[in-house]
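Shown next, in structure tokens, is the structure this report addresses.
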Amino acid sequence: MPAKDVYHDSVKQALINDGWTILKENYELEYGGDNLYPDFAAEKSIAATRDKERILVEVKSFIGRSFITDLQATIGQYIMYKEVVEAQTLDFKLYLAIPANLYDNKFQTPLAQLMIQKNQVNLLVFDPIQEVIERWINSIATEA
């Protein structure tokens, strides 16, 4: 089982503060004998319906030496999780949780935006100090 990201507890509290129920930490995705571990499975009631919205959240701090190297690893990991969720027709929407200062600075570069859009990465942007969710960004694929 992987180690917790430095922002793991901040994201957990931000989800709880936003009304989410944490179903499981280190949710296990298994495919063909290989195991993957998104940080959280959570659900929330949808207002005015009896349905529940369910998400899987992968938390990333990008504290490595290179933003590009961290971005490469993170996008690859996100794509693997997304493909397994789709292959198993799981009822979860996948999000990548990143701190707001990282989103405002590094994720505005053309390369980061291209990777987010082309790979349809959904973002959960949070404030790690206030432990609140600042933005939900649902990515939609664009044609080149």
Side-chain angles (χ1 to χ4, degrees), residues 1-64 66-109 111-142:
M1 188 168 299
K4 289 182 182 178
D5 186 274
V6 296
Y7 293 124
H8 182 95
D9 291 336
S10 292
V11 172
K12 179 181 177 182
Q13 191 58 51
L15 287 167
I16 292 169
N17 291 343
D18 197 48
W20 292 86
T21 300
I22 305 298
L23 300 173
K24 187 169 183 175
E25 294 183 52
N26 295 315
Y27 183 83
E28 185 174 352
L29 287 174
E30 185 275 334
Y31 190 81
D34 291 315
N35 298 318
L36 306 169
Y37 296 95
D39 289 283
F40 297 106
E43 72 177 14
K44 183 178 186 179
S45 294
I46 301 171
T49 72
R50 292 177 182 234
D51 293 332
K52 301 266 186 192
E53 186 174 3
R54 294 166 47 109
I55 59 173
L56 292 177
V57 178
E58 177 61 19
V59 181
K60 289 295 179 192
S61 58
F62 287 78
I63 57 175
S66 165
F67 172 75
I68 298 300
T69 300
D70 287 347
L71 182 64
Q72 290 171 328
T74 299
I75 296 296
Q77 187 177 25
Y78 185 92
I79 290 169
M80 288 179 71
Y81 291 175
K82 186 170 76 172
E83 294 297 329
V84 171
V85 166
E86 289 176 10
Q88 295 184 345
T89 62
L90 299 176
D91 186 23
F92 284 103
K93 190 169 186 176
L94 183 61
Y95 282 89
L96 172 64
I98 57 172
N101 64 340
L102 182 70
Y103 177 76
D104 292 339
N105 296 314
K106 298 288 190 176
F107 272 77
Q108 300 309 310
T109 64
L111 178 60
Q113 288 293 307
L114 178 67
M115 293 301 103
I116 296 300
Q117 291 172 1
K118 286 290 189 182
N119 294 293
Q120 302 178 39
V121 178
N122 298 317
L123 297 174
L124 181 169
V125 180
F126 66 96
D127 179 332
I129 305 299
Q130 300 294 319
E131 297 182 333
V132 295
I133 296 169
E134 289 193 356
R135 286 176 264 186
W136 296 91
I137 301 170
N138 293 307
S139 193
I140 298 172
T142 58

Are Glu58 and Tyr81 side-chain neighbours, meaning at least one heavy-atom pair lies under 4.5 Å? yes
How far does CD1 of Ile63 sit from OG of Ser61, to the nearest 0.5 angstrom? 4.0 Å
May I ask you to check whether Asp39 and Tyr27 show a side-chain donor-acceptor distance below 3.5 Å? no
Assess whether a salt bridge exists between Glu25 and Lys12, defined as any Lys/Arg side-chain N lying under 4.0 Å from an Asp/Glu carboxylate O. yes
Could you tell me the separation between the CG atom of Asp70 and the CD1 atom of Ile98, rounded to the nearest 0.5 Å? 12.0 Å
Beyond-backbone contact of Ile116 with Leu123, side-chain heavy atoms, under 4.5 angstrom: yes
Between Asn35 and Glu30, what is the shortest heavy-atom contact and its length? OD1-CG, 3.2 Å
Is there side-chain contact between Leu15 and Leu124, with at least one heavy-atom pair below 4.5 Å? yes
Of all heavy-atom pairs linking Ala87 and Tyr31, the shortest is CB-CE1, 3.9 Å
Is it the case that the side chains of Asn138 and Lys93 hold a donor-acceptor pair, with the cut-off being a distance below 3.5 Å and no angle test? yes
side-chain contact (heavy atoms from CB on, under 4.5 Å) between Phe62 and Phe107, intermediate numbers included: CA-CA 11 Å; Phe62 287 78; Phe107 272 77; 3.7 Å; yes
Are Lys60 and Gln77 close enough that a side-chain donor and a side-chain acceptor fall under 3.5 Å? yes
Is Pro38 close to Leu29 at the side-chain level, that is, under 4.5 Å between some pair of heavy atoms? yes
Regarding Arg135 and Asp104, does a basic nitrogen lie under 4.0 Å from an acidic carboxylate oxygen? yes
Once rounded to the nearest 0.5 Å, what's the spacing between atom OG1 of Thr21 and atom CZ of Arg54? 11.5 Å
First locate atom NZ of Lys82, then atom CG of Leu56, and finally report the distance between them rounded to the nearest 0.5 Å. 13.5 Å
Report yes if the side chains of Ile133 and Asp127 come closer than 4.5 Å at any heavy-atom pair, otherwise no. no
Specify the closest pair of heavy atoms between Val121 and Met115, including all atoms of both residues, with the distance to one decimal. CG2-O, 4.3 Å
Decide yes or no on side-chain contact (heavy atoms from CB on, under 4.5 Å) for Leu94 and Val57, but give the supporting numbers first. CA-CA 6 Å; Leu94 183 61; Val57 178; over 6 Å; no
Side chain proximity check, Met80 to Val84, heavy atoms < 4.5 angstrom: no
Atom CD of Gln72 and atom OG of Ser66: how far apart are they, to the nearest 0.5 Å? 7.0 Å
Checking Asn17 side chain against Val132 main chain: does a donor-acceptor pair fall under 3.5 Å? no
Mind listing the closest non-hydrogen atom pair of Leu96 and Tyr78 along with its distance? N-CE1, 3.9 Å
Residue pair Trp136 / Ile55: nearest heavy atoms and the distance that separates them: CH2-CD1, 3.9 Å
Identify, with sequence neighbours excluded, every residue that meets salt bridge (charged side-chain N to carboxylate O under 4.0 Å, His left out) alongside Asp9. none
State, yes or no, whether a side-chain contact exists between Glu43 and Glu53 at a heavy-atom distance under 4.5 Å. no
Can we say Lys44 and Asp18 salt-bridge, meaning some charged N sits less than 4.0 Å from an Asp/Glu carboxylate O? yes
Scanning both residues in full, the closest heavy-atom pair of Asn26 with Tyr37 reads O-CD2, 3.7 Å
Is it the case that atom NZ in Lys106 sees more than 12 heavy atoms from other parts of the structure closer than 6.0 Å? no
